[in-house]
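Note that the coordinates shown come from a computational prediction; the quantities given were computed from them, not determined experimentally. Whatever order the structure lists ligands and atoms in, that order sets their numbers, starting from 1.
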Amino acid sequence: MAVAIVVAAGRGERLGHDRPKALVPLLGRPLLAWSLEALIGVTSLRRIVVVLPDGEPLPDDPAAWGLGPTSWTAPDGSARVVGVGGGRERSHSVRAGLAATGEGPPDEPVLVHDGARPLVTAALIAACLAGVRDGADAAIAAAAVTDTVKQARPADPSGALPRVDRTLDRSLLWAVQTPQVFRRDVLARALAEPDEVLAAATDDASLVEAAGGDVRLVAAPRSNLKVTLPEDLRLAELLLGDRDRSR
Ligand SMILES: Nc1ccn([C@@H]2O[C@H](COP(=O)(O)OP(=O)(O)OP(=O)(O)O)[C@@H](O)[C@H]2O)c(=O)n1
Ligand SMILES: C[C@](O)(CO)[C@H](O)COP(=O)(O)O
């Protein structure tokens with residue numbers, strides 16, 4: 001068995017909507033509901049913690065988010081999906097989510113997913129869960145880079161265009177996504193770092209890498225995009241629409 005943490009407590013400033021990003025409508029239900037539905041369908045996830053903006057509770061009725069009536073409940077009638085308030089930065093929200101998963105064995109897989117990634121599939125979730133094996137401390141979704149990537153000098157305060165320093169070897173580069181799955185003891189140790197260390201981490205795997213952890217990459221499609229900017233919301237609508245039409 002395993003547990004999942006869906007981080008959805010961000011403000012969504014780059015999206016610029018009138019409400020927290022997780023609750024922005026996408027094809028008739030909150031953005032968050034799409035990935036939450038995919039996770040709920042993975043029966044090996046015994047508990048799913050949804051990390052929400054303060055003051056945004058998990059609705060009593062899943063139908064409020066366009067989800068089935070038993071979505072919050074385990075087969076034995078216990079609460080399987082629970083809500084918790086987030087923190088100042090993403091990693092702080094992950095820490096709050098981990099605390100809300102309760103106790104578990106040190107080698108229990110803990111899956112962390114961005115609620116801002118609505119196109120995650122059951123297959124990718126399963127592949128990331130399966131990736132924490134053979135001594136790996138973590139397994140994270142990532143897409144091969146298809147553009148040429150260059151490293152530039154810091155932007156010049158004069159407003160001059162940034163100057164290229166070097167072209168990076170694209171064959172060694174990956175665009176990292178979520179899910180990111182960790183051994184429970186490894187993630188707990190990583191999240192025990194000081195607040196400012198967590199605040200500087202843009203993903204959880206980087207905290208594990210900094211501690212010398214063995215982090216493996218799971219090939220993921222570019223369609224597992226993160227809704228960050230307004231055009232990403234339109235892309236997600238188109239991709240979800242295509243997926244529904246192909247079923
Ligand atoms: N304090 C935070 C910040 C982010 N997140 C979550 O982490 C994921 C990735 O973060 P991002 O896309 O940056 O979301 P926001 O922080 O909301 O976006 P912005 O930076 O544009 O405000 C999102 O699902 C977001 O809700 C979170 O749970 N708690
Ligand atoms: C965790 C993540 O989605 C991996 O690509 C990404 O780092 C989140 O970045 P954000 O700025 O918090 O959206």
Note the single closest protein heavy atom to [atom], along with its residue, its atom name and the distance in Å.
| atom | result |
| --- | --- |
| atom 24 (O) of ligand 1 | Val7 O, 2.8 Å |
| atom 17 (O) of ligand 1 | Gly12 N, 2.7 Å |
| atom 8 (C) of ligand 1 | Asp114 OD1, 3.5 Å |

For ligand 1, is any non-hydrogen atom under 4.0 Å from Lys226's backbone (N, CA, C, O), its side chain (CB onward), both, or neither?
side chain
Do any nitrogen or oxygen atoms of [X] come within less than 3.5 Å of a nitrogen or oxygen of ligand 2?
| X | answer |
| --- | --- |
| Asp203 | no |
| Thr178 | no |
| Gln180 | no |
| Arg117 | yes |

Which of the listed options, [options], holds the heavy atom that is closest to [atom]?
| atom | options | value |
| --- | --- | --- |
| atom 14 (O) of ligand 1 | Arg14, Lys21, His17, Arg117 | Lys21 |
| atom 10 (P) of ligand 2 | Lys21, Arg90, Arg14, His113 | Arg14 |
| atom 1 (N) of ligand 1 | Ala9, Gly10, Ser35, Gly87 | Gly87 |

Can you list the atoms of ligand 1 that are under 4.0 Å from a heavy atom of [X]?
| X | answer |
| --- | --- |
| Ser93 | 1 (N), 2 (C), 27 (C), 28 (O), 29 (N) |
| Arg88 | 1 (N) |
| Glu89 | 1 (N), 2 (C) |

Return a yes/no value for [X]: is any of its N or O atoms, backbone included, closer than 3.5 angstrom to an N or O of ligand 1?
| X | answer |
| --- | --- |
| Ala116 | yes |
| Glu13 | yes |
| Val51 | no |
| Val227 | no |

For Asp114, the atoms of ligand 2 under 4.0 Å from one of its heavy atoms are 1 (C), 2 (C), 3 (O)
Per-atom filter on ligand 2: closer than 4.0 angstrom to a heavy atom of Lys226 are 3 (O), 8 (C), 9 (O), 10 (P), 13 (O)
Donor-acceptor pair between Thr121 and Arg243 side chains, under 3.5 angstrom:
no
Going by atom types alone, do Arg222 and Thr146 pair a side-chain donor with an acceptor below 3.5 Å?
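A pair is found: one side chain offers a donor N or O, the other an acceptor, under 3.5 Å apart.
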Determine, stepwise, if the pair Arg80 / Thr73 fulfils side-chain contact (heavy atoms from CB on, under 4.5 Å).
CA-CA 5 Å; Arg80 179 181 178 222; Thr73 312; 5.9 Å; no
Contact check, Gly86 vs ligand 1, heavy-atom distance below 4.0 Å:
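Contact check Gly86 vs ligand 1: negative.
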Specify side chain, backbone, both or neither for Glu89, according to which of its non-hydrogen atoms lie closer than 4.0 Å to ligand 2.
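Within the 4.0 Å criterion, Glu89 makes no contact with ligand 2.
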